[in-house]
Amino acid sequence: LSRNLMKRLEIIGTDNVYSAAILINRDVIEVSVDGIGMSKLISVGTPVDKEVKYDQTTGTLTFADSLRGKQVFVLYQDL
């Protein structure tokens with residue numbers, strides 16, 4: 001029996017798009033920027049305000065605004 005343990009990825013932002021192989025085919029549970037939770041994870045469209053778009057096939061997170069110098073935490077688990 002395998003258990004899906006939650007993991008945390010810490011990123012220092014540089015732009016509004018971040019890609020990581022570790023996020024490919026994962027279940028992203030929550031994303032926070034500078035301690036503030038993003039209100040909604042989306043998989044299609046363009047993110048606005050506090051939305052973040054997650055592409056599971058590429059491991060890409062797209063934010064509405066630049067993350068330059070901001071601390072980003074991503075909580076995720078294996079599918």
Side-chain angles (χ1 to χ4, degrees):
L1 180 69
S2 82
R3 296 182 343 171
N4 290 338
L5 299 176
M6 201 174 322
K7 299 170 185 112
R8 182 174 85 165
L9 174 65
E10 182 178 348
I11 304 162
I12 298 298
T14 57
D15 203 353
N16 71 320
V17 178
Y18 179 80
S19 294
I22 193 72
L23 294 176
I24 294 173
N25 294 323
R26 303 288 192 247
D27 179 21
V28 172
I29 298 162
E30 181 181 359
V31 177
S32 65
V33 177
D34 281 346
I36 299 170
M38 304 308 282
S39 61
K40 187 175 182 183
L41 285 167
I42 62 173
S43 59
V44 295
T46 302
V48 294
D49 196 28
K50 293 188 182 286
E51 292 179 334
V52 59
K53 179 181 175 181
Y54 169 54
D55 185 333
Q56 190 177 55
T57 60
T58 63
T60 301
L61 297 168
T62 305
F63 297 82
D65 297 312
S66 174
L67 300 175
R68 191 166 309 279
K70 296 181 179 180
Q71 188 174 38
V72 180
F73 291 104
V74 181
L75 294 177
Y76 68 96
Q77 64 186 9
D78 295 335
L79 288 176

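Numbering starts at 1 and runs along the sequence shown.
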### Query
What residues, two or more places apart in sequence or in another chain, satisfy side-chain hydrogen bond (donor to acceptor under 3.5 Å, both in side chains) together with D78?
K7, R26
### Task
Any chance you could measure F73, atom CZ, to D34, atom CG, to the nearest 0.5 Å?
9.0 Å
### Query
Does N16 use its side chain to pair, donor to acceptor, with the backbone of A64 at less than 3.5 Å?
no
### Query
Can you tell if the side chain of V72 reaches within under 4.5 Å of the side chain of E10, non-hydrogen atoms only?
no
### For the student: nearest non-hydrogen atoms of G59 and I24, plus distance
N-CG1, 3.6 Å
### Query
Does L75 sit in a hydrophobic cluster with other residues, and if so which ones, taking ILVMFWY side chains as linked at heavy-atom separations under 4.5 Å, directly or through other members?
M6, I29
### Query
Listed by chain and number, what are the side chain to side chain contact (heavy atoms under 4.5 Å, CB included) partners of I12, not counting sequence neighbours?
Q71
### Task
Not counting sequence neighbours, list each pair that qualifies as a salt bridge (charged side-chain N to carboxylate O under 4.0 Å, His left out) and has a residue in residues 56-68.
none
### Least distance between heavy atoms, N25 atom then Y54 atom
N-OH, 4.2 Å
### Message
Holding to side chain to side chain contact (heavy atoms under 4.5 Å, CB included), I want the full list of residues that pass it with L9, two or more places apart in sequence or in another chain.
### Response
I11, Y18, A20, I22, L23, V74, Y76
### Task
List for me each residue that meets side-chain hydrogen bond (donor to acceptor under 3.5 Å, both in side chains) alongside T14, sequence neighbours excluded, and say none if there are none.
none
### Message
Let me confirm one number: the OG-NZ distance from S32 to K70, rounded to the nearest 0.5 Å.
### Response
12.0 Å
#### Entry: Residues forming a side-chain hydrogen bond (donor to acceptor under 3.5 Å, both in side chains) with T57, sequence neighbours excluded
D55
### Task
Apply side-chain hydrogen bond (donor to acceptor under 3.5 Å, both in side chains) to Q77 and list each qualifying residue two or more places apart in sequence or on a separate chain.
D27
